[in-house]
Amino acid sequence: MELTVEGLSVARGGMPVLEGLTFTLTTGNILILRGPNGSGKTTLLRTLAGLQPPLAGRIGLPPEAIAYGAHADGLKATLSVAENLTFWARVYGTTDIEPALAQFNLKGLRNRAAHSLSAGQKRRLGLARLLVTGRRFWLLDEPTVSLDQASVGLFADAVRSHVAGGGAALIATHIDLGLAAETLDVAPFRADPDRPTRTPTAFDEAFT
Amino acid sequence: MIALLVRDLRLAVRAGGGFGLGLAFFLIVTVLVPFAVGPEGETLARIAPGILWVGALLACLLSLDRIFQLDFEDGSLDLLATAPLPMEGAVVVKALAHWLTTGLPLTLAAPVFGILMNMQAPGHWWIFVTLLIGTPALSMIGAFGAALTVGLKRGGLLLSLLVLPLYVPTLIFGAEAATRGGAGMAVTTPILMLAGITAGVVAFLPFAAAAAIRINIR
C-alpha cells in the first residue's frame with residue numbers, strides 16, 4: 001500500500017501555500033515533514049486527511065487507510081481516559097484499548113477524567129487514539145508538543161512498532177525523534193504569494 | 001454510530017453537560033406566564049397549549065449551540081470528519097442525542113406543567129402527542145442551524161436568529177393540533193402536517209447539515 005501525491009497544491013483561506021508537491025510514502029516507511037512555521041505543513045496534512053480539497057494535483061491512497069492526529073487531541077474533559085479511548089475504538093470498529101494504554105503508559109490513569117490530566121498526559125492520550133484506529137497511514141501534526149523526553153521516547157517506539165507492523169507515518173515535526181526516516185522539506189514548494197491567482201473560495205463554491 | 005450516541009448522552013448528563021437546563025427553563029416559563037396574564041383559570045386554560053409549545057421551543061433552543069460547537073473547539077469534529085462514520089450519520093446521531101436529552105424530557109414534562117396552566121383533561125394527552133411528533137423536527141432543524149454556525153465566535157445568537165423562523169411551521173401546526181385536541185375538535189389535518197414536517201426535516205436536513213460542516217471545518 002502506498003500514499004502517492006502528484007503535483008499537489010494546497011491552499012489555506014483561499015491563498016495557495018504549497019505548490020507542485022510530489023512524493024510517495026509506502027508502508028514500512030516514515031516521512032518527516034520539515035518547514036518553518038506557516039509553511040503549510042498543517043494544511044498539507046489536513047488536505048491529505050480529506051478535510052479540505054486540494055487546489056490542484058492528485059492524492060492516491062487506499063480507502064480507509066488514514067488516521068489523522070491534529071494539534072487538538074479531541075478529548076472530552078468529563079470522560080475518563082478509558083472512556084475517551086473506548087469511544088474512538090468503537091468509532092473505528094476496534095475493541096481492545098489495552099495495548100494503546102500500555103504503549104503510552106496510561107494504565108495508571110485509566111479512570112481519571114481527562115480534565116484532570118496534565119498537558120503531556122492529554123497528548124499521550126491523543127496519540128494513543130492512533131493505535132486504536134487500526135489504520136495504516138498515520139498523519140501526525142506536531143505530535144510531540146508538550147511531551148517530555150521519556151514520552152517522546154514512548155511515541156518514537158510506538159511509531160517504530162507501527163511501521164514495523166506494516167504501517168507508515170507522515171510526521172510534521174520540528175524536533176529530532178531519533179527515527180530512521182526520510183525527510184521532506186516543504187520550504188522549496190512554497191507558493192509565491194505575489195503571483196496573482198484566482199482560487200475558488202468557500203463562498204464561490206456555495207454558488208457553483 | 002451507537003458509540004457516538006452513547007458518548008453524547010454521557011457528556012450531556014455529566015457535570016456541565018446542560019442536561020435538565022432546558023427542562024428547568026421550561027418550568028420557569030410556565031410558572032411565569034400565570035404571573036403575567038393573571039390567575040383567571042379560563043384564560044390560562046385557553047392559552048395553555050400555545051404557551052407550552054412556545055416554552056418547549058425556547059427551551060429546545062437553549063442547548064442547540066452545544067451540538068457541534070464543543071466538538072469543534074476541542075478538535076473532535078475534525079477527527080470525526082476523518083473517521084469512518086459518515087458526517088450525515090454523525091449529524092443524525094447528534095440530533096437524536098439532543099432530542100433524547102432535551103425534546104423527550106420536555107415532551108414528558110409538558111402534560112404535568114400543563115396543570116400549572118389549568119389545562120383540562122384531553123389537553124394533557126394532546127400536548128404530549130404533538131410535542132412527541134414535533135420536537136424531533138426542532139432538534140433536527142437546530143442541528144442544521146448549529147452546523148451552519150459552527151466555528152463562529154459567539155455563534156449562539158446568530159443560531160437563534162437562523163433557527164427560530166424555521167421553527168414557525170412546526171409551531172403553527174403543533175400548537176394548532178394541541179389546541180384543537182384539547183377542545184375536542186378534529187386534529188387529523190394539523191397532526192399530519194406536523195408529522196410531515198418532521199419526516200421531511202429528518203430526511204433532508206442531515207445532508208444539508210453535513211455539507212455545512214464540511215465547509216466550516218476547512
Side-chain angles (χ1 to χ4, degrees), chain A residues 10-14 42-43 45-54 63-80 83-95 113-115 122 126 129-130 132-135 137-139 141 200-206, chain B residues 1-20 66-94 97 101 144 147-152 207-218:
Chain A
V10 297
R12 184 175 56 227
T42 296
T43 311
L45 289 174
R46 287 181 68 86
T47 309
L48 292 177
L51 288 170
Q52 58 181 70
E64 309 255 298
I66 292 277
Y68 174 55
H71 282 286
D73 293 312
L75 303 178
K76 288 296 171 190
T78 50
L79 298 185
S80 72
E83 283 170 335
N84 268 299
L85 213 48
T86 306
F87 164 67
W88 287 112
R90 289 182 63 193
V91 165
Y92 281 90
T94 58
T95 47
H115 67 79
K122 281 181 188 159
R129 187 186 65 85
L130 295 165
V132 303
T133 61
R135 294 288 174 92
F137 288 90
W138 289 0
L139 306 180
D141 199 352
T201 63
F203 182 78
D204 294 333
E205 189 179 299
Chain B
M1 294 242 246
I2 291 164
L4 184 60
L5 181 66
V6 170
R7 183 194 74 153
D8 271 25
L9 293 179
R10 203 177 260 163
L11 286 172
V13 296
R14 293 260 165 106
F19 178 73
R66 310 179 67 93
I67 297 182
F68 297 113
Q69 191 66 25
L70 296 180
D71 277 350
F72 176 79
E73 279 164 10
D74 66 19
S76 28
L77 197 58
D78 279 353
L79 301 180
L80 274 177
T82 60
L85 200 63
M87 191 48 89
E88 289 79 4
V91 169
V92 172
V93 167
K94 284 184 148 292
T101 54
F144 170 60
L148 282 178
T149 53
V150 71
L152 292 179
F207 298 97
I213 289 175
R214 285 198 198 98
I215 289 176
N216 277 334
I217 61 175
R218 242 173 234 176

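Naming: A, B, ... by sequence-line order, numbering from 1 per chain.
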Inset, instruction - Mark yes or no for whether B:R14, through its side chain, and A:T78, through its backbone, hold a donor-acceptor pair below 3.5 Å. - result: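 A pair under 3.5 Å: yes.
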
Inset, instruction - Of all the heavy-atom pairs spanning A:R46 and B:D78, show the shortest one and how long it is. - result: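 Nearest heavy atoms, A:R46 then B:D78: NH1-OD2, 2.8 Å.
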
Legend entry - Closest non-hydrogen atom pair, A:A72 against B:G75: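 Nearest pair, atom of A:A72 first, then B:G75: CB-CA, 3.8 Å.
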
Legend entry - chain B contact via A:R129 - side chain, backbone, both or neither, heavy atoms under 4.5 Å: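 The answer is the side chain of A:R129.
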
Inset, instruction - Examine whether an atom of A:L79 lies under 4.5 Å from a heavy atom of chain B, and if so say whether it belongs to the side chain, the backbone or both; otherwise answer neither. - result: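 Looking at A:L79, backbone and side chain both touch chain B.
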
[X] side, atom [atom1]; [Y] side, atom [atom2] - distance, nearest 0.5 Å:
X     : Y      : atom1 : atom2 : answer
A:R90 : B:I2   : CZ    : CD1   : 7.0 Å
A:Y92 : B:L85  : OH    : CG    : 10.0 Å
A:T47 : B:R218 : OG1   : CZ    : 10.0 Å
A:L48 : B:T82  : CG    : OG1   : 12.5 Å

Legend entry - Contact origin within B:D71 toward chain A - heavy atom pairs under 4.5 Å: both

Legend entry - chain A interface, residue from B:L79, B:L4, B:L11, B:V6 that has the most non-hydrogen pairs under 4.5 Å: B:L79

Legend entry - Between A:H71, A:Q52, A:E83, the one whose heavy-atom pairs under 4.5 Å with chain B are most numerous: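 Looking at each of A:H71, A:Q52, A:E83 in turn, A:E83 comes out on top.
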
Inset, instruction - Measure the shortest side-chain to side-chain distance between B:R214 and A:P53 over non-hydrogen atoms and say whether it is less than 4.5 angstrom. - result: no

